[in-house]
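None of the values given here were measured: they were computed from a predicted structure.
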Amino acid sequence: MKIFYSFLCFLTMASFGFSQSKSNEKLILENGVSEQMAHFRKKQISNVTYGLSFEIPQQKQQEINSILTLNLTISNLSEPLYLDFKEKTQNIKSIQVNNKNTAIVHEKGHIIIAAKDLILGKNTIGISFIAGNLSLNRNDDFLYTLLVPDRASTLFPCFDQPDIKATYKLSLTVPKDWSVLAGADVKEKMEKGEFTAYTFGESDKMSTYLFSFVAGKFKSVTKKPGNLEMTMLYRENNAEKLKSSTDTIFNLHQQSLDFLEKYTSYKFPFQKLDFASIPVFQYGGMEHVGAIQYKESTLFLDNSATDSEKLDRAKLIAHETSHMWFGDLVTMKWFDDVWMKEVFANFMADKIMNPIFPKVNHNLQFLTAHYPNAYAEDRSLGTHPIKQNLANLKNAGSLYGAIIYNKAPIMMRQLEASMGKVAFQKGIEKYIKKYANDNADWNNLVEILDAETPLDMQKWSKVWVNKSGRAIFKDQIKYDAQNRISTFEITQQAEDQSANVWPQIFDIGLVYPNNVKVISATIKDKSLSLKEALGLEKPLAVIYNYNGFGYGVFPLDGNSLESVLTLKDEVARASTYINIYENTLTGNIAPVKAFDCFLKGIQQEQNELVLKIITNQTSAVFWKFLTEKQQNIRQKELSAIVYARLQANLPSNIKKTLFNLFSSIAYSATDKEQLYKIWNKETVIPGLKLNEDDYTNMAMNLAIFKHEKADEILNKTRTTITNPDKQKRFEFLLPSLSKDESVRDAFVLSLKDDENREKESWVSVGLANINHPLRQESAQKYIRFSLDLVEEIQRTGDIFFPKDWLNNTVGKYSSKYAFDEVQRFLKENPEFSPILKRKLLQATDGLYRAQNIKKETE
């Protein structure tokens, strides 16, 4: 997360502190953690240690009895002490302050300790309570905490803001056949009948959102891939996946550590680096100090895994390991700068990949990983700056998204290119050293980087960090009588028609019969005259953003759609395919023309990352922007081409990418029979490696495609899944796959109960099944139901769930009916949360654009 607006925040903080001392302004108590409360508490308290004890019962329905012993130093008693605890008041059993019982006062999610019960200096507060369940993620035989960004206060009383770092002394009592993992090592273990009590050592200093523990029926493995011993908890039971993945997982952590220690000139900063793989985890991973959590399916791969899946795993591990320095060691002061930890985690992860995957084109990897996702949000009416305002921490979850995770690394790469890699790295070393075990904001980093470069950092970051949107580039190229370039002008206009100008560097390729002339363009203002091009012969085509470095929508000349097929440079091909798609969405290219171009690309592309871009965009254009008549014609053509190419002698990763596309569009009578034979293992495609998950996905597709044996297919699949966690997932999804509309309806209505939404990743897949384009005639009646539930989803769900919910409901549609439903909803709910409205507009960007694109097509 990021932003130059931090400077204003700094001034605000400074003035707030001044007004406190001058006028003794009274704190206004409100739900959540306001900036006012956060600023006051940062000055009021220090030296915080949480002593926490949790007694985990056998049954997940039973309450968890807990004790907090809080030690802290207080320097100001002009206000009471406010502890955050967003749970029912009856969950608080008793409170002691400095060994004296005190009354329980609990208002607006805060426990209020009166100033009269406190002293200046060291204080001890003891609270007996029942732990909140919202962020405990309790399952029948395991649980795990997930407290980012403001969920620690739903579990235990605390100061739930990132700039009050503390150490933790944790005790866990769990069923005796359970394993445990937390941010410090186990110091004592004691059997207590059917339970075991674990006492952990004192943790490193960390923010509340980074505290965590995992407990349950897990297996464990410990290895020492370098100087540090690491332990992993896991539930995966597939022998092939365990054998092919375990050593790799540990080695990837070690390789990431080695790189980061060298790049930052700062040794690994914590006691340990352990991790747990969790089958139902909501995210890819979470960077808890000493106890990282991962989604199990991302870590454990078998021999059918493609190169991009292996790369994704490595990047995920590198991302979470990078957080140990960027986020955990140096933490943002306030969550408006949450982008800072995410941008560095992604940016460093991209760097770490270079030596680990020497054969991968890492510029291509960066392009394909970040640009499509960044554009998807930045082109929408719900776009926002990288750095966003945050008045209250309760809204911090809404800040997350592709702008933070994908646009921010693009920005940082442009910054590194503008500064130079050496100067940039030197600045980062100074930043880590200065703010280690502390908090910093974007202005603190800008100040350090400013000293390393003549670049005006504040001016540069003003648009990249503080403004939303992207540039739309246009050109004017003229030729003289000898057919040589006499004028080459490039101009940029902000997509939102504002005066914003993005200074950036990118290459332009002039394509000739036997070579490509590459020219670097550095555009600092609204226009650029490309003098290096003057006098050159007229090219066959002009390919913008040839190196995939620029950010925006670039011009396409009349030959670009054909020339992309001839480009030898992989980055140039991928960048051009992305640009063709973006030009389609802006209305410059007819969807059918783009689709036909992608179809040709599918027939000849040999690079997996480029092919993945093409297949994703082909699918998007097919389902969202072609008319029904066009779909009927193109489906047969597409499936025939893909299936024919599957028979060719191709690498297994290329075949897997092609097969994933075929499986998703094989709904004609002939195609679904071919798909059924592959699922039933009657047809074996040479070189295509499929695993249990692939057969499960095929079964779900065949059900959605209304195969006549759908019930039999689903029943057989259910009985052949060998992993019990995956079996539970499939059983949860079965109603969403039913051919009986009333069963599907019951599934949707059941999601009104938050208990049925606990496994968020399962719910997202179920909703995608319900709202598949082939089923929308029966599912569209639930668009309004889904919209009406969004605020409840935000209240009870984790940070990515509101957007996932919207993506897999109304975000699946392109119809006029769905568009009208969204308009009606917004009109009837003028007070609808601006934060959620932004998420809705991001999720429905394709729906909005489809209204104009299809009008032009018909």
Is K407 paired with E377 through a side-chain N to carboxylate O contact shorter than 4.0 Å?
-> no
Side chain to side chain contact (heavy atoms under 4.5 Å, CB included) between F598 and V621, intermediate numbers included | CA-CA 10 Å; F598 298 153; V621 170; 4.1 Å; yes
The complete set of side-chain hydrogen bond (donor to acceptor under 3.5 Å, both in side chains) pairs with one or both residues in residues 314-330, sequence neighbours excluded, reads T264-W325, K315-D350, H319-H323, H319-E342, H319-N346, H323-E342
Output the distance between atom CG (D480) and atom OG1 (T487), rounded to the nearest 0.5 Å.
-> 9.5 Å
Can you give each donor-acceptor pair under 3.5 Å made by side-chain atoms of residues 429-436, sequence neighbours left out, with the distance rounded to 0.1 Å?
from: E429; atom 1: OE2; to: S265; atom 2: OG; distance (Å): 3.2
from: K430; atom 1: NZ; to: E452; atom 2: OE2; distance (Å): 2.6
from: Y435; atom 1: OH; to: N444; atom 2: ND2; distance (Å): 3.4

NZ/NE/NH1/NH2 to OD/OE distance under 4.0 Å, K600 and E562 | yes
Got a sec, which residues hit side chain to side chain contact (heavy atoms under 4.5 Å, CB included) with E532, two or more places apart in sequence or on another chain?
-> I519, L530
Pair T383, D378: side-chain N/O donor-acceptor within cut-off below 3.5 Å | yes
With sequence neighbours left out, the residues meeting salt bridge (charged side-chain N to carboxylate O under 4.0 Å, His left out) with E537 are R484
What's the spacing between L381 CG and K837 NZ if we round to 0.5 Å?
-> 9.0 Å
Interatomic spacing from CG in D307 to CG in L609 - rounded to 0.5 Å | 8.0 Å
Go through the structure and list residues passing salt bridge (charged side-chain N to carboxylate O under 4.0 Å, His left out) with D569, not counting sequence neighbours.
-> none
Using residues 352-363 as the side-chain source, report each donor-acceptor pair under 3.5 Å to any protein atom, sequence neighbours left out, with the distance given to one decimal.
from: N354; atom 1: OD1; to: H362; atom 2: ND1; distance (Å): 3.3
from: N361; atom 1: OD1; to: N363; atom 2: N; distance (Å): 3.2
from: N361; atom 1: OD1; to: L364; atom 2: N; distance (Å): 3.1
from: N361; atom 1: ND2; to: E570; atom 2: OE1; distance (Å): 3.4
from: H362; atom 1: NE2; to: M353; atom 2: O; distance (Å): 3.3
from: H362; atom 1: NE2; to: F357; atom 2: O; distance (Å): 2.8

Check whether any side-chain N or O of W464 sits under 3.5 Å from a backbone N or O of M412 as a donor-acceptor pair, and report yes or no.
-> no
Is the distance between the ring centroids of F506 and F473 less than 6.0 Å?
-> yes
Any side-chain donor paired with an acceptor under 3.5 Å for D258 and Q254?
-> yes
Are D557 and S560 linked by a side-chain donor-acceptor pair shorter than 3.5 Å?
-> yes
Can you measure from CG (D450) to CD (Q458) and round to the nearest 0.5 angstrom?
-> 6.5 Å
With a 4.0 Å cut-off, would you call K333 and D337 a salt bridge?
-> no
Y581 and Y375: ring pair (Phe, Tyr, Trp, His ring centres under 6.0 Å), yes or no, with the steps?
-> CA-CA 11 Å; Y581 182 70; Y375 286 159; 9.7 Å; no
Kindly state whether the ring of F347 and the ring of F326 have centres lying under 6.0 angstrom apart.
-> no
